[in-house]
Amino acid sequence: MNKDAPIGIFDSGLGGLSVLRRVREELPSENIIYYADSAHIPYGEKSLEEIRKLSLGVTEFLLEKGCKMIVIACNTASAAALKFLREEFPHVIFVGMEPAVKPAAEQTQSGIVGVIATAATFQGELFASVIDRFAQNVTVLQQPCPGLVRQIENGETDSPQTEEMLRGWLEPMKEKGIDALVLGCTHYPFVEKTIAKILGPGVQIIDPAPAVARRIKFLLGGEKLLNENPQKGRVAYFTSGDTEKFSGMLEMLLHEKGNVRKA
Ligand code: DGL
């Protein structure tokens with residue numbers, strides 16, 4: 001495998017961009033192909049079987065493009081398909097997302113932490129195993145947020161309606177005494193400001209993206225696959241949905257004009 005080969009990153013839509021921006025900070029020389037499966041969003045309201053099929057299709061696409069690693073920048077797809085994809089492609093390096101319950105459990109003083117994610121993420125074996133491994137001595141409050149991914153996809157990151165929805169989910173968790181909140185969906189960092197406003201300074205918000213970026217660096221380093229090119233890497237964007245809509249959102253969320261193609 002070639003060191004200059006791209007890293008493939010995918011999500012059901014825009015959420016994975018919250019991971020992509022951290023990967024670029026950590027590994028600026030890497031070339032990246034980002035795939036947004038926007039035609040099938042939201043994954044979080046589909047069956048695990050359906051999500052597995054969609055993730056398989058996207059993975060095949062990225063492997064055909066010569067990616068040296070696949071990053072599943074979607075908690076829902078990781079919950080439904082990471083294990084399956086690793087079995088299907090034993091020679092491919094996969095990195096998935098798992099809710100960051102471990103750091104939350106380590107940091108909490110109140111002994112109560114919250115996780116917000118999609119319904120499908122909470123159903124997967126991965127979440128159960130995270131709770132088993134890291135949350136034996138803490139209470140974990142789980143809160144699905146139906147409709148929030150759609151709000152973010154529609155650019156409603158700062159709208160009063162989105163804030164209202166978030167209040168409905170977060171205020172009861174705050175009343176129950178959480179002092180850490182795990183963002184268990186890669187879309188949610190794009191509404192982190194509003195979440196922080198609702199929860200106040202006493203609740204730590206945990207976005208696992210920086211840790212995932214460091215893990216990617218560690219794994220590529222271990223395989224001698226880090227791109228050593230001094231130039232800045234290129235990012236190519238593909239979407240199965242509307243390219244214009246994706247370009248507009250890319251500009252809004254990452255402040256950049258990207259090269260977006262229809263997949
Ligand atoms: N970004 C995906 C995640 O991390 C959103 C899932 C969806 O499409 O519902 O879970």
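Both counts, for ligands and for their atoms, begin at 1 and track the order of listing. All values reported here derive from a predicted model rather than from experimental measurement.
- There is no side-chain donor-acceptor pair under 3.5 Å between N227 and K68.
- Only the side chain of I41 comes within 4.0 Å of ligand 1, judged by heavy-atom distances.
- Between E45 and ligand 1, no pair of N/O atoms sits closer than 3.5 Å.
- Side-chain contact check for H187 and E153: at least one donor-acceptor pair (N or O, by modelled atom type) lies under 3.5 Å.
- Looking at S29 and N229, their side chains never bring a donor and an acceptor atom within 3.5 Å of each other.
- In summary, of the residues considered (F246, F238, F61), a ring-ring contact (aromatic ring centres under 6.0 Å, His included) with Y35 occurs for F61 alone.
- At least one heavy atom of C74 sits closer than 4.0 Å to an atom of ligand 1.
- Counting only N and O atoms by type, the side chains of T186 and S18 include no donor and acceptor under 3.5 Å apart.
- Residue contacts with ligand 1 for D11 involve side-chain atoms from C-beta outward but no N, CA, C or O (heavy atoms, distance under 4.0 Å).
- Ligand-side atoms of ligand 1 in range of S12: 5 (C), 6 (C), 7 (C), 8 (O), range being under 4.0 angstrom from any heavy atom.
- Salt-bridge annotation for K65 and E60: absent, with no side-chain N of the basic residue lying under 4.0 Å from a carboxylate O of the acidic one.
- Among the atoms of T118, none of the N or O lies under 3.5 angstrom from an N or O of ligand 1.
- At the top of the distance list for atom 10 (O) of ligand 1, counting protein heavy atoms only, stands T76 OG1, 2.5 Å.
- The closest protein non-hydrogen atom to atom 9 (O) of ligand 1 is G44 N, 2.7 Å.
- Comparing L14, N75, I152 by heavy-atom distance to atom 4 (O) of ligand 1, the nearest is N75.
- Side-chain atoms of D179 and T108 include a donor-acceptor pair closer than 3.5 Å.
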